[in-house]
There are 2 protein chains.
Amino acid sequence: MISKFIKTHKQSIVYGLAMAVMLFVLKWLELKFIIIGHSFEIYAGLIAVIFTGLGIWLALKLAQPKEKTVIVEKPIYVSNENFVVNYEALQQTNMSRRELEVLELMAEGLSNLEIAGRLFVSLNTVKTHSARLFEKLDVKRRTQAVDKAKRMGILK
Amino acid sequence: MISKFIKTHKQSIVYGLAMAVMLFVLKWLELKFIIIGHSFEIYAGLIAVIFTGLGIWLALKLAQPKEKTVIVEKPIYVSNENFVVNYEALQQTNMSRRELEVLELMAEGLSNLEIAGRLFVSLNTVKTHSARLFEKLDVKRRTQAVDKAKRMGILK
DNA sequence: TTCAAAATCACCCTAAAGTATGAAGCCTGT
DNA sequence: ACAGGCTTCATACTTTAGGGTGATTTTGAA
């Protein structure tokens, strides 16, 4: 309970304590000032220095640091001997039903015309699907598409 | 010349000016203090607040922005590494070295021209190899060849 | 050494694949 | 209702793949 409170309000507590210390120092300096005499300059100077420090400390502690993002690409080697479809990867490709069907038939070595026959659509349609599919897989040829899809675990 | 100097020493100049202003305020406050009377508290408090602000401002201005490294995971899809070539099947195909090489590059999705580049031979040579290879695998297209070879265990 | 694969390349021609662009109908979610 | 993605198809064009044929050079094994 208490420790949790301390944890969540750590910064506020530390800040409060710091202020208390500062006020104490202030009082102490005031005392000194009265005892020693009329050294306004020294008094003010000390306060200035101390509170400048406090300000710096506060800013460093409490202010959100400007973040400079450095992007480091970390390769992850995904091997897929288990013929379980990697649905995650499949989702990320944004492939549509039809495009996947075309891709699957491509992987079986069918020509576009044969695929058109299987799917009961025209050759042009198959071409459109394949073109889209190549874009989504970021490849140039059907052989590349099949290779990549298999590596990704989209195809068995 | 001068503008360059200002640019390169901008922060120092600003800092100096800020200090000057602070000292001026200090002096002004001192004057006020003398005129108004013995309000040590107000004087000290004002200085404390002002210099705390100065400290915060300084820290924010001069502090180096923290670098935050964001690791972006970039998946590299790798297929089965523990793959054993089915040499028996490979023998039965009667494939030559070169034909196998061409087949392997085909499986990677390379075009005939790209394969020619890799093997330091002409496009025509690759074509003849591929034609022979298709015969031996009893297929009509490169995609079929790759598919069949993989099923046979010739390719990974 | 000899001889048959293997490897290399060339031409020509057709088939298939791929690119670019446009367009219409159909769902889906806002 | 409207935007946007999906599916479908078309036309036109370029590039790549594949088939057929023939030829030369290497090479490996009998």
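So you know, we letter chains A, B, ... as the sequences are listed, proteins then strands, and number each from 1. For clarity, every value in this text was computed on a predicted model and none was experimentally measured.
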Atom CG of B:Leu113 and atom P of C:dC9: how far apart are they, to the nearest Å?
13 Å
For A:Met152 versus A:Leu137, what's the shortest heavy-atom pair and its separation?
SD-CD2, 4.1 Å
Presence of [X] side-chain N/O under 4.0 Å of [N] phosphate oxygens OP1/OP2:
{"X": "A:Lys136", "N": "D:dC6", "result": "yes"}
{"X": "B:Thr125", "N": "C:dC9", "result": "yes"}
{"X": "A:Arg98", "N": "D:dT8", "result": "yes"}
{"X": "B:Asn112", "N": "D:dT16", "result": "no"}
{"X": "B:Ser122", "N": "C:dC9", "result": "yes"}

Using the side-chain heavy atoms of [X], tell me which of these nucleotides is nearest: [options].
{"X": "B:Thr128", "options": "C:dA17, C:dT8, D:dA10", "result": "C:dT8"}
{"X": "A:Asn124", "options": "D:dG18, D:dA10, C:dG18", "result": "D:dA10"}
{"X": "A:Arg132", "options": "C:dA7, D:dT8, D:dG18", "result": "D:dT8"}

Heavy-atom nearest nucleotide on DNA chain D for B:Lys127 versus B:Arg97: which residue maps closer to 5'?
B:Lys127
Between B:His129 and A:Ser111, which has a closest nucleotide on DNA chain C that is more 5'?
B:His129
Indicate yes or no for a side-chain donor-acceptor contact from B:Arg142 to the backbone of B:Leu103 under 3.5 Å, with no hydrogens or angles considered.
no
Do NZ/NE/NH1/NH2 and the carboxylate oxygens of A:Arg132 and A:Glu135 come within less than 4.0 Å?
no
Do B:Thr125 and B:Thr128 have side-chain atoms, one donor and one acceptor, less than 3.5 Å apart?
no
